[in-house]
Undergrad: 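Questions regarding the structure given below will be posed in turn.
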Amino acid sequence: MKETITLLLNTALEALKAEGALPVGTQPDIRVDAARDRAHGDYASNLAMMLAKPAGMKPRDLAERLIAAMPTSDAISSVEIAGPGFINFFVNTSAAGEVLFDILDAGDEFGRNRDGAGQKVQVEFVSANPTGPLHVGHGRGAAVGDSLCRLLEANGFEVTREFYYNDAGAQIDNLALSVAARIKGIEPNDPAWPADGYRGEYIQDVARAYMQGDTVTADDRQVTAAANPDDMDAIRAFAVAWLRHEQDLDLKAFGVGFDVFFLESDLYESGKVEATVKRLIEGGHTYESDGALWLRTTDFGDDKDRVMRKREGGYTYFLPDVAYHLDKWQRGFTTVINEQGADHHSTVTRVRAGLQALDTGIPKGWPDYVLHQMVMVTRSGQEVKLSKRAGSYVTLRDLIDEVGRDATRYFLVSRAATSQMTFDIDLARSQSSDNPVYYAQYAHARVCSVEAKAAENGWAFDENLARASLHLLEDARERDLINRLGSWPETVRRAADQREPQQIALYLQELASEFHTCYNAVKVMVEDANLRNARLALGMAVRQVMRNGLDLLGVSAPREM
RNA sequence: GCGCCCAUAGCUCAAUCGGAUAGAGCAACGGCCUUCUAAGCCGUAGGUUGCAGGUUCGAGUCCUGCUGGGCGCGCCA
């Protein structure tokens with residue numbers, strides 16, 4: 001419908017140019033927006049106001065000229081000028097209703113498009129090191145990252161979900177030392193406990209499993225415990241696999257899966273780190289100082305230069321990061337999105353600078369980042385501190401168990417990543433029926449119920465009758481719903497373009513709200529078969545879009561509640 | 001001190017990337033279940049959009065400067 005109106009306006013525009021009423025060079029971006037207020041019709045354009053100045057006319061006068069020059073259309077019942085110079089379009093009822101059959105015919109495909117066809121996109125998210133269970137922050141990353149992937153897929157992109165982690169290095173050594181200590185019966189408060197050890201109870205579980213000779217299978221590795229309390233390498237390998245397996249369970253419970261698990265250690269073993277260093281040195285962007293090797297990242301917008309190789313010879317994490325992203329580029333991903341916690345925001349400039357220094361033709365702003373702000377968890381009005389070392393914190397699994405997967409996912413994805421959020425456990429648990437996810441799911445279930453009831457009455461949906469009766473959907477609340485449904489495809493586009501899955505959650509709230517209002521005001525099960533079938537079509541279209549939307553968030557669409 | 005993010009009703013958040021009278025939920029108060037699911041609907045009340053300027057037909061939205069909060073600023077990851 002928007003396209004139709006845009007076309008009408010464009011025709012009028014060309015006509016006025018031909019008449020000389022407008023400068024020939026004017027080529028405005030014609031915008032047609034859904035009207036917020038029913039009194040303003042269905043769609044509105046601000047074209048006259050934008051062109052008033054170049055045309056040297058008052059906006060309202062120009063609007064009048066535009067309308068006069070506009071061809072008539074069967075779909076438009078009237079056009080009005082309002083306010084400072086808006087042109088408001090009133091769409092006739094049966095033309096507006098046709099979208100219902102676009103929806104019912106397309107089914108699960110409605111709203112999906114092929115904009116990204118042939119483009120490989122990689123989304124890296126969660127990327128938690130295997131030193132403890134996943135917490136709420138990881139949950140936010142998982143919910144946002146996975147929805148982003150679903151959105152990109154809905155826009156036709158070929159998406160790879162990737163998880164990057166470190167299975168070697170100082171943190172993993174601490175993990176192994178902690179497990180070894182537990183095996184020997186040393187507890188976190190004993191003097192012999194390792195200084196930077198992980199104090200959580202799960203370390204005891206790892207120790208027990210190791211000594212039992214258990215075999216653990218994670219999505220990307222399988223390890224059988226050596227049960228030898230002195231073999232640090234074996235302990236390390238087992239602990240990593242054990243924790244990766246735990247994370248897999250968390251992610252599965254959350255409905256999130258990955259295509260690729262990428263190890264930092266692979267970058268070393270395959271020589272990619274060395275190759276990256278070599279290339280950076282040859283590029284002339286490095287220098288030695290204080291016995292360390294530096295990269296002049298200030299040449300690329302960083303506020304200070306960064307150390308690549310430490311005085312003692314090892315590399316900083318920065319270097320494998322650059323090597324890793326070079327590898328992503330070489331794998332052919334035209335778009336890479338890194339979903340991370342905002343506490344890592346300083347790596348953005350650094351990684352991009354490192355990639356520019358490689359001088360391999362990687363675009364300046366590559367890769368993209370979606371940084372989510374911190375999640376504060378409260379219980380009994382008190383903030384719950386997230387400290388992995390202290391071992392007292394809320395895991396993602398706790399939340400899923402207490403609040404449910406649908407509610408947890410919906411909650412974590414329904415706010416802009418740029419905003420901090422508070423996860424009130426008491427609220428989520430005790431008043432779980434107030435969670436917005438149920439409001440949306442309820443709309444879906446209600447339509448299912450109506451449909452079942454109709455069938456019970458022997459009033460099965462008659463498509464032909466419905467098609468012929470769309471003009472009967474003239475209640476303002478029905479029209480609002482129809483227009484809302486019509487805006488679903490552009491919502492899917494915009495949410496993906498802007499990397500903002502919360503726009504989907506917001507849309508579903510509005511759709512549900514308009515549905516519930518309509519449901520209470522307008523009865524579907526009426527004697528008049530024409531009206532009844534038109535309204536059934538509306539309900540079924542709502543259900544379809546609701547299901548498509550919930551799916552993009554990884555949330556189920558129950559048939560009954 | 002420097003950088004990134006944020007600030008809208010008592011609380012949690014919206015506002016269709018600059019549009020018309022800033023909207024929902026929770027909490028408060030009052031209505032609606034013999035009729036398609038009351039996890040719902042309708043109504044009342046609640047606002048100087050942190051402060052001060054600027055840009056223009058038009059600003060919660062863009063720019064500048066403040067104030068307040070979060071996160072970073074390591075040869076840790």
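For the numbers below, each heavy atom of this structure counts, side chains included, while hydrogens, waters and symmetry mates do not. Residue numbering restarts at 1 for every chain, and letters A, B, ... go by the order of the sequence lines.
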Undergrad: Mind checking the P distance from rU61(B) to rG50(B)? Whole angstroms is fine.
TA: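 Pairwise P distance, rU61(B) against rG50(B), rounds to 8 Å.
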Undergrad: By nearest atom, which of the nucleotides rC36(B), rG19(B), rA39(B) is closest to the M525(A) side chain?
TA: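 For M525(A), the side-chain atoms sit closest to rC36(B).
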Undergrad: Which stems, defined as runs of 3 or more consecutive Watson-Crick or G-U wobble pairs with both pairing distances under 3.5 Å, involve RNA chain B?
TA: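 The stems are B:1-7 with B:67-73, B:10-13 with B:23-26, B:28-32 with B:40-44, B:50-54 with B:62-66.
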Undergrad: Applying ring-ring contact (aromatic ring centres under 6.0 Å, His included), can you list everything that pairs with W366(A), at least two apart in sequence or on another chain?
TA: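 Scan of W366(A) (ring-ring contact (aromatic ring centres under 6.0 Å, His included), adjacent residues dropped) gives W329(A).
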Undergrad: Show me the protein contacts with nucleotides 70-74 of chain B, counting only N or O atoms at under 3.5 Å.
TA:
from, atom 1, to, atom 2, distance (Å)
rG72(B), O2', S346(A), OG, 3.4
rC73(B), O2', K304(A), NZ, 2.8

Undergrad: Please determine, by modelled atom types, if N338(A) and H344(A) share a side-chain donor-acceptor pair under 3.5 angstrom.
TA: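 Distance-only check fails for N338(A) and H344(A).
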Undergrad: Contact class for D321(A) vs. all strands (heavy atom < 4.0 Å): base, sugar-phosphate, or nothing?
TA: nothing
Undergrad: Need one value for R559(A): base, sugar-phosphate or nothing, where a base atom within 4.0 Å counts as base even if backbone is also close, heavy atoms only.
TA: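 Base, at least one base heavy atom under 4.0 Å.
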Undergrad: From the set rG19(B), rC13(B), rA20(B), return the single nucleotide nearest to any side-chain atom of A82(A).
TA: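 Given the options rG19(B), rC13(B), rA20(B), the side chain of A82(A) is closest to rA20(B).
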Undergrad: Donor-acceptor pairs under 3.5 angstrom involving side-chain atoms of residues 502-513 of chain A: please list them, not counting sequence neighbours.
TA:
from, atom 1, to, atom 2, distance (Å)
Q502(A), NE2, E500(A), OE1, 3.3
Q503(A), OE1, R494(A), NE, 3.2
Q503(A), NE2, E500(A), OE1, 2.7
Y507(A), OH, R484(A), O, 2.7
Q509(A), NE2, Y410(A), OH, 2.9
Q509(A), NE2, P436(A), O, 3.1
E510(A), OE1, R484(A), NH1, 2.9

Undergrad: Can you list the residues that meet the ring-ring contact (aromatic ring centres under 6.0 Å, His included) rule with F90(A), with sequence neighbours excluded?
TA: none
Undergrad: Between G301(A) and T349(A), which heavy-atom pair has the shortest distance, and what is it?
TA: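 Reported closest heavy-atom pair: O-CG2, 3.8 Å.
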Undergrad: Does the side chain of Q441(A) pick up a donor-acceptor pair with the side chain of D406(A) at under 3.5 Å?
TA: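 The answer is yes; a qualifying pair exists.
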Undergrad: Tabulate protein N/O versus nucleotide N/O from nucleotides 56-60 of chain B, keeping only pairs under 3.5 Å, one per line.
TA:
from, atom 1, to, atom 2, distance (Å)
rC57(B), OP1, K53(A), NZ, 2.8
rC57(B), OP2, K53(A), NZ, 3.2

Undergrad: Can you figure out which of rA77(B), rA39(B), rA20(B) approaches the side chain of A44(A) most closely?
TA: rA20(B)
Undergrad: Given H372(A), which of R415(A), R140(A), E339(A) fulfils the side-chain hydrogen bond (donor to acceptor under 3.5 Å, both in side chains) condition?
TA: E339(A)
Undergrad: For rC33(B), is chi within 90° of 0 (syn) or not (anti)?
TA: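 In terms of base orientation relative to the sugar, rC33(B) is syn.
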Undergrad: At under 4.0 Å between heavy atoms, what does V522(A) touch on the DNA or RNA strands: base, sugar-phosphate, or nothing?
TA: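 Base contact - V522(A) has a heavy atom under 4.0 Å of at least one base atom.
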Undergrad: Using distance only, find each side-chain donor-acceptor pair of residues 529-543 of chain A under 3.5 Å and give its atom names and separation, not counting sequence neighbours.
TA:
from, atom 1, to, atom 2, distance (Å)
N530(A), OD1, S469(A), OG, 3.4
R532(A), NH1, V526(A), O, 3.0
R532(A), NH1, E527(A), O, 3.2
N533(A), OD1, D462(A), N, 2.7
N533(A), ND2, A529(A), O, 2.9
R535(A), NE, E478(A), OE2, 3.0
R535(A), NH1, K523(A), O, 2.7
R543(A), NH1, E451(A), OE1, 2.7
R543(A), NH2, E451(A), OE1, 3.4
R543(A), NH2, E451(A), OE2, 3.3

Undergrad: What is the nucleic acid contact for A170(A), judged by heavy atoms within less than 4.0 Å: base, sugar-phosphate only, or nothing?
TA: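 The answer is nothing, as A170(A) stays clear of every strand by at least 4.0 Å.
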Undergrad: Expressed in whole Å, how much space separates the P atoms belonging to rA20(B) and rC32(B)?
TA: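 Looking at atom P only, rA20(B) and rC32(B) are 36 Å apart.
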Undergrad: Quick check: H516(A) with Y442(A) (ring centres under 6.0 Å apart)?
TA: yes
Undergrad: To the nearest angstrom, how far is Y519(A) atom OH from rU35(B) atom C1'?
TA: 10 Å
Undergrad: Consider the side chain of E264(A), meaning its heavy atoms from C-beta on, and name the nucleotide among rC17(B), rG40(B), rA77(B) that approaches it most closely.
TA: rA77(B)
Undergrad: Taking the minimum atom-to-atom distance to the side chain of Q171(A), which one of rA77(B), rU37(B), rA20(B) wins?
TA: rA77(B)
Undergrad: For F125(A), which residues count as a ring-ring contact (aromatic ring centres under 6.0 Å, His included) partner, sequence neighbours excluded?
TA: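 Here the qualifying residues are F258(A).
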Undergrad: Are the side chains of V437(A) and R409(A) in contact, using a 4.5 Å heavy-atom criterion?
TA: no
Undergrad: Can you pull the salt bridge (charged side-chain N to carboxylate O under 4.0 Å, His left out) pairs that have at least one residue in residues 340-356 of chain A, sequence neighbours excluded?
TA: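 Qualifying pairs, neighbours excluded: none.
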Undergrad: Check every atom of rC36(B), rC13(B), rA77(B) against the side chain of K453(A) and return the nucleotide holding the closest atom.
TA: rC36(B)
Undergrad: As a quick check of understanding, evaluate salt bridge (Lys or Arg N to Asp or Glu O under 4.0 Å) for D303(A) and R306(A), giving each step before the final call.
TA: CA-CA 10 Å; D303(A) 53 359; R306(A) 304 292 165 179; 3.3 Å; yes
Undergrad: Run the ring-ring contact (aromatic ring centres under 6.0 Å, His included) test against Y315(A) and tell me which residues pass, sequence neighbours left out.
TA: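 None.
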Undergrad: Give the nucleotide from the list rA77(B), rA14(B), rU35(B) with an atom nearest to the side chain of L506(A).
TA: rA14(B)
Undergrad: Protein-nucleotides 41-45 of chain B N/O pairs closer than 3.5 Å?
TA:
from, atom 1, to, atom 2, distance (Å)
rC41(B), OP1, Y439(A), OH, 2.5
rC41(B), O4', N520(A), ND2, 3.0
rC42(B), OP1, T517(A), OG1, 3.1

Undergrad: Looking for any heavy atom pair under 4.0 Å, which part of the strands does N88(A) touch: base, sugar-phosphate only, or nothing?
TA: base
Undergrad: Pick base, sugar-phosphate or nothing for Q498(A), based on heavy-atom distances below 4.0 Å to the nucleic acid.
TA: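 Base contact - Q498(A) has a heavy atom under 4.0 Å of at least one base atom.
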Undergrad: Stacking check: are the rings of F86(A) and rA20(B) less than 5.5 Å apart at their centres and under 30 degrees in tilt?
TA: yes
Undergrad: What's A39(A) touching, base or sugar-phosphate or nothing? Going by heavy atoms closer than 4.0 Å.
TA: nothing
Undergrad: Under 4.0 Å, counting only non-hydrogen atoms across every strand here, what does S289(A) touch: a base, just sugar-phosphate, or nothing?
TA: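 Base contact - S289(A) has a heavy atom under 4.0 Å of at least one base atom.
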Undergrad: Could you tell me whether M376(A) contacts a base, only the sugar-phosphate backbone, or nothing, with contacts defined as non-hydrogen atoms closer than 4.0 Å?
TA: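 No contact at all - M376(A) keeps every heavy atom at 4.0 Å or more from the nucleic acid.
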Undergrad: Are D305(A) and Y287(A) linked by a side-chain donor-acceptor pair shorter than 3.5 Å?
TA: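 Judged by distance alone, the side chains do pair up.
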Undergrad: In whole Å, measure the gap between the C1' atoms of rC17(B) and rA28(B) for me.
TA: 36 Å
Undergrad: Of the nucleotides rG40(B), rC75(B), rA77(B), which has the atom closest to the R311(A) side chain?
TA: rC75(B)
Undergrad: With C1' as the reference atom in both, quote the distance from rG23(B) to rG47(B) in angstrom, rounded to an integer.
TA: 12 Å
Undergrad: Determine the Euclidean distance between corresponding C1' atoms of rA45(B) and rG25(B); express it in Å to zero decimal places.
TA: 16 Å
Undergrad: With rounding to the closest Å, how many angstrom separate the C1' atoms on rA9(B) and rG46(B)?
TA: 6 Å
Undergrad: Check residues 55-65 of chain A and write down every donor-acceptor pair under 3.5 Å in which the side-chain atom is one partner and the other belongs to a residue at least two apart or another chain.
TA:
from, atom 1, to, atom 2, distance (Å)
R60(A), NH1, G83(A), O, 2.6
R65(A), NH2, E19(A), OE1, 3.1

